[in-house]
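Here the structure is a predicted model, which means the values were calculated and not measured. All residue numbers in this chain count up from 1 along the given sequence.
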Amino acid sequence: MRREPLVFVLAAALLLSMQFAHTESVKIDPAVKRMMSSDGPVPVIVIFRDGRSPDLQDIDVRYRYHLINGISAVCSRDEIKRLAEDDDVEGIYLDGDVSVTAPVPPEGVDSVCPSEMVDAERVWAEGINGSGVIVAIIDSGIDKNHPDLIGKVVGEKNFVEGEDTTEDLVGHGTLCAGIIAGSGRASGGRYRGIAPGAQLLNVRVIGSDGNGKVSDIIAGIEWSLDNGAKVLSLSLAGLNLGETNPPVTMAADKAMDAGAVVCVAAGNNG
């Protein structure tokens with residue numbers, strides 16, 4: 001009995017298994033792999049190759065994006081492995097967490113006025129105060145009843161699951177909105193925003209616990225662009241744009257390609 005055919009079949013099977021293992025290793029982000037070690041579902045963002053879409057079968061899809069070619073979903077370990085083997089899939093990334101903290105005035109420090117810090121009055125004197133510009137505050141919500149922000153919000157959307165409100169239950173989004181476009185009414189004009197003529201979109205992606213998901217950020221970016229935003233404010237801890245977070249980086253790049261200015265916080269973690 002000749003052994004060559006059997007050896008050939010075994011070698012071919014080994015090569016195929018190595019190929020699939022390599023494909024899985026390349027496509028699945030390490031953060032996803034760590035969560036796959038348990039039997040629980042994993043929140044992921046799946047990026048498809050340009051112009052292509054895989055067979056999603058019964059996968060629990062949360063968002064189908066149009067700004068980037070991909071979806072957010074909650075997948076089992078087996079579903080993630082199946083997606084990784086699909087030629088239409090480019091990468092599978094963890095739907096990670098982002099956060100903000102409630103504003104706390106520093107002890108022993110007098111209140112500061114951001115517009116004074118950047119000498120905004122010099123451009124106001126030239127007639128440039130943000131008028132005609134819509135800024136999306138992608139954050140914890142906006143208190144529309146704050147005296148400095150009355151009439152400023154021209155559109156709003158909540159993306160936080162389980163909390164059916166656009167109100168700011170943390171305070172961070174309202175702070176950012178005031179720094180950007182506050183009228184200064186509450187202080188008799190003393191503390192105005194840097195662009196007091198701007199209008200705002202209230203894009204709530206952070207829940208009452210101060211936490212949010214990258215998938216909601218991307219959905220919020222899409223909604224903001226669809227509703228006329230020219231500036232996007234993303235003052236969120238944990239949102240590390242670059243190679244460490246390809247899906248949201250791709251969304252930010254696409255937003256800039258569409259003509260928007262994307263402002264991302266740096267240094268909020270201390």
Side-chain angles (χ1 to χ4, degrees), residues 26-29 31-32 43-54 56 59 61-75 83-84 86-100 130 132-140 154-161 173 176-177 180 195 198-206 212-266 268:
V26 170
K27 289 186 178 180
I28 302 177
D29 188 74
V32 175
V44 294
I45 297 174
V46 185
I47 301 298
F48 308 150
R49 298 191 188 282
D50 288 343
R52 298 165 74 174
S53 179
L56 299 175
I59 288 175
V61 176
R62 185 157 180 245
Y63 293 117
R64 292 178 182 266
Y65 299 116
H66 60 79
L67 188 62
I68 60 175
N69 189 20
I71 62 167
S72 70
V74 177
C75 294
L83 285 168
D86 194 312
D87 289 339
D88 291 341
V89 172
E90 183 175 294
I92 304 171
Y93 304 92
L94 185 66
D95 182 9
D97 298 325
V98 294
S99 63
V100 300
V133 177
I134 296 177
V135 181
I137 309 296
I138 303 175
D139 212 292
S140 61
V154 295
E156 56 186 356
K157 176 78 172 178
N158 173 58
F159 290 92
V160 180
E161 279 191 319
C176 292
I180 293 169
Q199 295 177 308
L200 303 173
L201 291 178
N202 176 13
V203 188
R204 186 172 184 264
V205 296
I206 299 294
K213 305 293 290 185
V214 166
S215 57
D216 293 331
I217 307 301
I218 298 173
I221 291 173
E222 286 190 340
W223 186 87
S224 299
L225 295 178
D226 292 344
N227 286 273
K230 295 302 181 184
V231 179
L232 310 181
S233 170
L234 296 156
S235 181
L236 306 167
L239 193 67
N240 301 315
L241 269 65
E243 293 182 1
T244 58
N245 204 328
V248 74
T249 300
M250 291 172 62
D253 287 344
K254 292 286 187 180
M256 289 188 289
D257 291 343
V261 176
V262 181
C263 303
V264 182
N268 272 11

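- The CD1 atom of Ile206 sits 6.5 Å away from atom CG of Asp139, with the distance rounded to the nearest 0.5 Å.
- Looking at Asp88 and Arg49, their side chains never come closer than 4.5 Å, going by heavy atoms from C-beta outward.
- Interatomic distance, CG of Leu94 versus NZ of Lys213, reported as 6.5 Å (0.5 Å rounding).
- Every side chain to side chain donor-acceptor pair (under 3.5 Å) that Glu156 has, sequence neighbours left out, goes to Lys144, Thr166, Asn202.
- Just one residue in the list Val205, Val203, Ile138 forms a side chain to side chain contact (heavy atoms under 4.5 Å, CB included) with Leu234, and that residue is Ile138.
- Here Ala252 pairs with Leu241, Val262 under the side-chain contact (heavy atoms from CB on, under 4.5 Å) rule; sequence neighbours left out.
- One distance of note links CD1 of Ile45 with OG of Ser215; it measures 5.5 Å at 0.5 Å rounding.
- Remark: Ala73 pairs with Ile59, Ile71, Cys75 by the side-chain contact (heavy atoms from CB on, under 4.5 Å) rule, at least two apart or across chains.
- Summarising the geometry, atom SG belonging to Cys263 is positioned 7.5 Å from atom CD1 belonging to Ile180; distances are rounded to the nearest 0.5 Å.
- A search for salt bridge (Lys or Arg N to Asp or Glu O under 4.0 Å) contacts involving Glu90 returns nothing, not counting sequence neighbours.
- Sequence neighbours left out, not one pair with a member in residues 250-261 passes side chain to side chain donor-acceptor pair (under 3.5 Å).
- Among residues two or more places apart in sequence or in another chain, the side chain to side chain donor-acceptor pair (under 3.5 Å) test is passed with Asn69 by none.
- Two residues are said to be in side-chain contact when any heavy atoms from C-beta on lie closer than 4.5 Å; Val154 and Leu200 fail this criterion.
- Applying the salt bridge (charged side-chain N to carboxylate O under 4.0 Å, His left out) test to residues at least two apart or on different chains, none of the pairs has a partner in residues 224-241.
- Shown here are the ring pair (Phe, Tyr, Trp, His ring centres under 6.0 Å) partners of Tyr63, two or more places apart in sequence or in another chain: Tyr65.
- Applying the side-chain contact (heavy atoms from CB on, under 4.5 Å) criterion to Ala195, with sequence neighbours excluded, gives Ala198.
- Screening residues 62-72 for salt bridge (charged side-chain N to carboxylate O under 4.0 Å, His left out) gives Arg62-Glu161, Arg62-Asp216 as the qualifying pairs, with residues at least two apart or on separate chains.
- Taking the side chain as every heavy atom from C-beta outward, Ile218 and Met250 never approach each other to under 4.5 Å.
- Ile92 CD1 to Leu83 CG: the interatomic distance, rounded to the nearest 0.5 Å, is 5.0 Å.
- Residues forming a side-chain contact (heavy atoms from CB on, under 4.5 Å) with Val160 (at least two apart in sequence, or on another chain): Asn158, Glu163, Arg204.
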